[in-house]
Structure formats: C-alpha cells, structure tokens
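Here the structure comes first, spelled out in structure tokens, and everything after it is commentary.
Just so it is clear: chains get the letters A, B, ... in the order the sequence lines come, proteins before strands, and each one is counted from 1.
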Number of protein chains: 2
Amino acid sequence: MLQEDYLEDYQNLFSVFNAIHPLSEELKSAIIKNSHIAKVDKKTTLLSAGENSNTIYFIVSGGARVYYLDKDGKQTNTWFLFENELLISVYGFFTGQPSFEYIETLEDTTLIVVKREKLDELYLKFMEFNYIGRKLTEYYYIRNEVQANELRMLSAKERYEQLFKRNPQLFQRVSLGHIASYLGISQETLSRIRK
Amino acid sequence: MLQEDYLEDYQNLFSVFNAIHPLSEELKSAIIKNSHIAKVDKKTTLLSAGENSNTIYFIVSGGARVYYLDKDGKQTNTWFLFENELLISVYGFFTGQPSFEYIETLEDTTLIVVKREKLDELYLKFMEFNYIGRKLTEYYYIRNEVQANELRMLSAKERYEQLFKRNPQLFQRVSLGHIASYLGISQETLSRIRK
DNA sequence: AGCCGTTTTTGACTTTTATCAAAAGTCATA
DNA sequence: TATGACTTTTGATAAAAGTCAAAAACGGCT
C-alpha cells in the first residue's frame with residue numbers, strides 16, 4: 001500500500017486531536033513515526049486476559065468489543081467501539097497490570113497502533129500532547145461513568161430503552177446476545193424486554 | 001489563621017502532584033494563588049443536583065460522599081473520598097452539564113478549593129500540569145472502572161467481602177446504610193450478608 | 001429452494017435481592 | 001440512667017431477572 005493511503009488513515013485521528021488542541025506538524029510526524037497501521041479480520045483477538053496491555057488503538061474503520069469472562073466462563077461485554085474511537089483495555093493499559101479483559105474485532109478493521117512506550121515518549125517530548133491526552137481520558141471516563149450509572153440506576157428494561165434511544169445504530173452492527181451482556185442482562189431477558 | 005498554616009495544608013497536595021511530575025516553584029505558587037482553603041462542618045452540602053459543578057476540591061482532612069437520588073428519591077452513594085484525595089462530581093465537572101449528583105461532607109473537613117476557570121488557566125499556562133492532570137484522571141478513571149466492574153461481576157456478598165478486604169477502615173468512618181447504597185444493595189441485605 | 005450453523009424467542013422454574021414493617025440496638029445528652 | 005433520634009437487624013413476602021431446555025427464525029451458501 002502506498003504511503004499516501006496511510007497518511008489518509010491518519011486524517012481522522014489528527015482531526016480528533018486537533019479539535020482538542022492544535023497539533024504542530026512536528027507532533028503529527030512524531031505520531032506517524034511512532035505508530036503504524038494494521039488491518040485485521042473480523043473476530044481477531046487483539047488482547048487476551050493475562051497478557052500485558054501495552055498497545056493503544058485508534059479505529060480508522062470497523063469496530064471491536066471489550067469483554068471479560070465471568071467466573072462461569074461467560075463473556076460479558078463492557079465496551080463496543082467503532083471508527084474514530086480509541087480502543088484499549090482501560091485497566092490493563094493504565095495500570096500496567098495484566099489484563100482481565102479481552103479485545104476482539106467485530107468487523108474487518110483498520111487500526112492505528114501505538115505502543116505504550118512510544119506513547120509515553122510522545123507525552124514526555126510534547127507536553128501539549130498531555131492536554132489532548134487529558135481531555136480524551138476525561139471523555140472516555142465520562143462515557144464509562146454514564147454507563148456505570150445506568151447499570152446502577154436503571155432497570156434492565158430502562159437500560160435497554162436508553163441504549164436503543166441513544167445508539168440505535170449499535171443494533172445494526174452488534175448481535176442481541178452481545179448487547180444483552182453489555183446491558184448486564186441475559187439474552188432471554190433482553191428478548192422478553194423487546195416485545 | 002496564619003499564612004504558614006495554609007502553606008502546610010498545601011504540602012500533601014504538592015507531594016501527590018510531585019510524585020507524578022516535578023512541580024516548579026512557579027507552578028506551586030500559581031496553584032496557591034488560584035485556590036483557597038475552606039473549612040466546613042460535617043454534613044455540609046458542597047454541590048447539589050441541578051447546579052453547575054465548577055469546583056474541584058482536594059481533601060486536606062476529613063471526608064465526603066458523592067451521591068444521587070434515584071427515581072424514588074432514595075440516596076445512592078457513588079463515592080467516598082478522604083484526605084489526600086480529589087473530590088468532584090466527575091460528570092458535572094468534566095462535561096459542564098448540570099450535576100445529577102450531590103456532594104456532602106461526612107466529617108468536619110478542610111479543603112483546598114479550585115474553581116474550574118482557574119484550573120483551566122493553570123492547564124493552559126503550565127503544559128506540564130496536564131501531565132499531572134492526565135495521570136490523576138487515569139487514576140480516578142481506574143478506580144471508577146474497578147468499582148463499576150465489581151458491581152457487574154460480583155454478587156452482593158462478594159462485593160461486600162471485596163470492599164471489606166480492600167478498605168476495612170471505611171467501615172469505621174461510614175455508616176452501614178451508606179455502605180449498603182455504595183455497594184448497590186439494600187441495607188437489609190447488607191445486614192444479612194454480614195452475619 | 002433447501003440445508004447448516006448461528007441467533008433469537010418461548011416456557012417453566014429458580015435464585016437473588018428488594019420491600020415493608022417492626023423490633024432491637026447504639027449513642028449522645030439532659 | 002432515662003429519653004429520643006438514629007442505625008441496624010429480623011421476618012415475611014414480592015418482584016426482577018437468571019437458568020435450562022427446546023423450538024423457531026434467520027442468514028449465508030450451494
């Protein structure tokens with residue numbers, strides 16, 4: 001693939017960042033230099049429990065889910081992420097502890113891949129990049145908080161209705177089984193709620 | 001109260017920050033200049049639902065809880081925070097939206113008070129302060145995530161045991177009723193679990 | 001169109017936790 | 001030490017959601 005195509009893949013990343021804080025050309029090329037593009041098939045596992053999570057992804061196209069296995073070995077989805085969103089196992093990536101989560105693509109997906117040590121170099125070399133990192137962390141924190149609060153505050157039915165109202169496209173891209181586990185309910189209960 | 005006493009109140013804040021990234025003297029005095037100390041009684045409401053949350057607190061001594069009212073008007077605690085921890089309503093403070101949460105002190109409490117616009121000035125003037133802000137945001141994000149995951153993954157009993165193991169001192173400082181709501185269970189159920 | 005594998009729905013039953021009401025315990029203080 | 005306010009426990013019942021098993025529906029492919 002030609003270099004120009006790769007550059008194109010970075011445009012959305014840069015515009016997400018630039019909307020938060022202006023990016024110098026120097027920082028842009030440092031980002032390109034410290035990352036690479038990966039194209040992976042649907043159902044590719046990007047991270048498994050027990051591994052060290054030392055990679056952050058920006059989804060250029062496609063989508064992925066983050067899930068863990070509960071004590072009976074059942075998968076529970078905690079996140080669905082799609083194009084122009086960042087993809088990590090938050091706990092593993094931020095703490096450096098082995099991950100308890102898995103990351104798996106839901107579709108054929110193009111990713112910008114940044115290793116943690118490269119990211120840390122960028123943070124140390126370009127202090128203004130921390131402004132962007134801080135804002136993005138706040139943004140995903142809020143999303144996490146909203147989701148956690150909904151799990152607390154709302155009944156199964158209300159959670160379903162809320163998700164359906166806020167994110168109806170999700171139902172086009174993700175199976176009801178996955179959505180049920182994301183909502184913290186059994187597939188059977190979701191099926192009954194939908195009637 | 002003498003200026004020296006105030007300075008003393010900042011020492012723990014500075015050492016928390018300094019452990020993340022070295023603080024210049026200039027940044028330290030800017031922090032002091034952009035904040036003030038407040039001493040408030042037990043059961044003081046620092047934020048109410050519907051208000052704009054434009055203040056971040058560092059708890060010098062004492063403690064506070066963050067809670068919301070569910071649709072039946074029942075209080076549900078989402079956080080307990082004590083000395084050397086930051087205190088905000090995350091959603092309200094980060095989004096600028098009116099808060100759905102309340103903040104109330106649990107004890108007589110001494111706080112370092114920073115208004116959001118002052119904090120934003122610090123972030124723009126001292127880019128390295130974003131490094132600290134980013135790391136702290138990551139830290140509280142993780143705590144939130146761990147708590148949210150426990151609510152998802154564990155039964156009422158397991159959540160209680162986990163909390164008791166990790167944070168037994170909490171039970172000295174906070175009533176069982178408050179802890180029950182934090183754990184997402186009724187007080188009666190908590191009482192039964194404890195036997 | 002027909003087949004296979006996967007996803008979704010349905011029914012019967014069980015488990016977990018909530019709710020309501022009342023009793024008992026704790027603690028500060030008059 | 002008796003009082004009143006608040007917190008915690010206990011008992012009985014109810015509601016919400018889970019589990020298991022089987023049937024039905026759907027989607028891709030030949």
Against A:Tyr91, only a single residue in A:Trp79, A:Phe100, A:Tyr68 fulfils ring-ring contact (aromatic ring centres under 6.0 Å, His included); can you say which? A:Phe100
So that I know where these two stand, are A:Phe129 and A:Phe17 an aromatic pair - ring centroids less than 6.0 Å apart? yes
Using whole Å, report how far CE of A:Met153 lies from P of D:dA16. 18 Å
Less than 6.0 angstrom from the centroid, inside 45 degrees of the normal: does A:Lys28 satisfy that with respect to the ring of A:Tyr10? no
Note: A:Arg65-A:Glu101 ion pair, threshold 4.0 Å (strictly below): no
Difference in axis direction between the ends of the helix from C:dA1-D:dT30 to C:dA30-D:dT1, five pairs, 10°: 30°
Rounded to whole angstrom units, what separation is found between the OH atom of A:Tyr160 and the P atom of D:dA16? 19 Å
B:Phe14 and B:Ile32 have their tightest heavy-atom pair at CZ-CG1, 3.8 Å
I need the residues from residues 74-81 of chain A with at least one non-hydrogen atom less than 4.0 Å from DNA chain D; give them sorted by number, or say none. none
Tell me whether the NZ or CZ atom of B:Arg134 lies within the 45° cone about the ring axis of A:Tyr123 and under 6.0 Å from its centre. yes
Close approaches to DNA chain D from residues 163-178 of chain A, in residue order (heavy atom, under 4.0 Å): none
Least distance between heavy atoms, A:Ser35 atom then A:Val114 atom: CB-CG2, 3.7 Å
On a heavy-atom basis, the closest approach of A:Leu23 and A:Asn18 is N-OD1, 3.0 Å
Heavy-atom side-chain proximity of A:Phe164 to A:Leu170 below 4.5 angstrom: no
Span of DNA chain C in contact with chain B (heavy atoms, under 4.0 Å): C:dT17 to C:dA21
Is a salt bridge present between B:Arg159 and B:Glu150, judged by a nitrogen-to-oxygen distance below 4.0 Å? no
Using a 4.0 Å cut-off on heavy atoms, which residues in residues 185-195 of chain B reach DNA chain D? List them by number, or say none. B:Gln187, B:Glu188, B:Ser191, B:Arg192, B:Lys195
If the threshold is 4.0 Å, N to carboxylate O, is there a salt bridge linking A:Glu107 and A:Arg173? yes
All side-chain hydrogen bond (donor to acceptor under 3.5 Å, both in side chains) counterparts of A:Tyr160, not counting sequence neighbours: A:Arg194
From the list A:Leu124, A:Leu122, A:Asn130, side chain to side chain contact (heavy atoms under 4.5 Å, CB included) with A:Phe126 holds only for A:Leu122
Looking at B:Phe93, does the NZ or CZ of B:Arg116 lie under 6.0 angstrom from its six-membered ring centre and within 45 degrees of the ring axis? yes
Where do B:Ser24 and B:Glu128 come nearest, in terms of heavy atoms and distance? OG-OE2, 4.2 Å
